[in-house]
Amino acid sequence: MTKRLLPSSLSSSTRAFLFLVLGAFLSACGHVPLTTIAKLSQFDMLETNPDALRLAVKYPEGIQIPQGGATMALKLERKEDGVVLMEEELAFEEVASKAEKAGLSQELQDGWRLEIYRLPEENLPFFRSFQKHMASMSKSEREKVEGTLNIGVSGCLLTAEKPSEIRVSTFLKAAELGGYVTLLRNFDLEEQMTELGGENGLDRCPDAA
């Protein structure tokens, strides 16, 4: 569900970051709506306010997204030798306010949960330092590095019986987008977690009845 490198053909850092973000979504398992690509052209990774970012996850009631289960990973490394220059995985925190779900009211359905997440206060400084670092780089410097951005979701089972597949949808909200944009629609969470290194995919939640 990740990995599109910063291409040397992009002259501006804004375009480079946009391409990086799009690539992360497009290379993920699942379906990316065509309208998402057009709407994300308004998303400026270098200028966006991280405090206003929201990630929404729609998932079946039979599973749970544990604390720290929704994340954003940022990585910058040198092309020449693979030396990592900056790297951090930022965990989102759940937003309890029901008003936050108003923009996705059409996604509220029986048998499904819809949760909203934001970057907690302690994770904002790294995001801003990442923005500042990339904005300060010259075109020639950017051509020597590769960057990845990955939005990930992990879950666990609340029931003893594991469904044949567990479909999850994710949505992104930023100040410049004017509302939520669908990132991935109905991707298989079990398959994604296995691909990202989980030996058994979804395990039973520790607090499951």
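Asn123 contributes a side-chain N or O that, together with a main-chain N or O of Ala91, makes up a donor-acceptor pair within less than 3.5 Å. A donor-acceptor contact shorter than 3.5 Å links the side chain of Thr159 to the backbone of Glu161. Arg142 places a side-chain N or O within 3.5 Å of a backbone atom of Met137 that can act as its donor or acceptor partner.
Here the side chains of His133 and Gln131 are not in contact, with every heavy-atom distance at 4.5 Å or above. Using a 4.5 Å heavy-atom threshold, the side chains of Leu76 and Val84 count as separate. Looking only at side-chain heavy atoms (C-beta outward), Arg185 and Phe187 stay at 4.5 Å or farther from each other. Put simply, the side chain of Ile63 does not reach to within 4.5 Å of the side chain of Leu158, judged on heavy atoms. Looking at Leu85 and Val145, their side chains come closer than 4.5 Å, going by heavy atoms from C-beta outward. With a 4.5 Å cut-off on side-chain heavy atoms, Gln64 and Arg113 do not count as touching. No side-chain heavy atom of Cys156 sits less than 4.5 Å from a side-chain heavy atom of Arg204. Counting only heavy atoms from C-beta outward, the side chains of Val168 and Ile65 never approach each other to under 4.5 Å.
Screening residues 80-89 for salt bridge (Lys or Arg N to Asp or Glu O under 4.0 Å), with sequence neighbours left out, gives Arg78-Asp81.
For the pair Gly155 and Leu202, the tightest heavy-atom approach, listed with the atom from each and the gap, is O-CG, 3.8 Å. Annotation for Lys144 and Ser140: closest pair CG-O, 3.4 Å, computed over non-hydrogen atoms.
Note: Leu55 CG to Leu119 CG = 9.0 Å, rounded to the nearest 0.5 Å. One finds the CD atom of Gln106 at 11.0 Å from the OH atom of Tyr180 (value rounded to the nearest 0.5 Å). With rounding to the nearest 0.5 angstrom, the OG1 atom of Thr71 is 8.5 Å from the CG atom of Leu90. Atom NZ of Lys173 and atom CZ of Arg118 lie 11.5 Å apart (nearest 0.5 Å). Taken from CZ in Phe130 to CE in Met72, the straight-line distance is 10.5 Å, to the nearest 0.5 Å. Distance CE/Met134 to CG/Leu74: 10.5 Å, rounded to 0.5 Å.
In this structure, the side-chain contact (heavy atoms from CB on, under 4.5 Å) partners of Ser154, at least two apart in sequence or on a different chain, are Met193. Listed by chain and number, the residues in a side-chain contact (heavy atoms from CB on, under 4.5 Å) with Asp110 amount to none (sequence neighbours excluded). The side chain to side chain donor-acceptor pair (under 3.5 Å) test applied to Glu100 returns Arg54, not counting sequence neighbours. Partners of Ala175 according to the side-chain contact (heavy atoms from CB on, under 4.5 Å) rule, which considers only residues two or more places apart in sequence or in another chain, are Ala52. Residues satisfying the side-chain contact (heavy atoms from CB on, under 4.5 Å) test with Gln109, not counting sequence neighbours, are Lys58, Trp112.
In this structure, Leu114 is not a member of the same hydrophobic cluster as Leu53, with clusters built from ILVMFWY side-chain heavy atoms closer than 4.5 Å. No chain of hydrophobic side-chain contacts below 4.5 Å, direct or via other Ile, Leu, Val, Met, Phe, Trp or Tyr residues, connects Phe127 to Val95. When the side chains of ILVMFWY residues are joined at heavy-atom separations under 4.5 Å, either directly or via intervening members, Met86 and Leu124 end up in a single hydrophobic cluster. Note on Val153: it does not cluster hydrophobically with Leu104, by side-chain heavy-atom contacts below 4.5 Å among ILVMFWY residues. Under the 4.5 Å side-chain heavy-atom criterion for Ile, Leu, Val, Met, Phe, Trp and Tyr, Leu183 and Val57 are members of the same hydrophobic cluster.
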Would Arg167 and Asp188 count as a side-chain contact (heavy atoms from CB on, under 4.5 Å) if you check the C-alpha gap in whole Å, the side-chain angles of each, and the deciding distance to 0.1 Å? CA-CA 5 Å; Arg167 295 292 174 179; Asp188 191 321; 3.8 Å; yes
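Donor-acceptor pairing under 3.5 Å is recorded for the side chains of Thr48 and Glu176.
The environment of CD in Glu141 is crowded: more than 12 heavy-atom neighbours from other residues, nucleotides or ligands sit within 6.0 Å.
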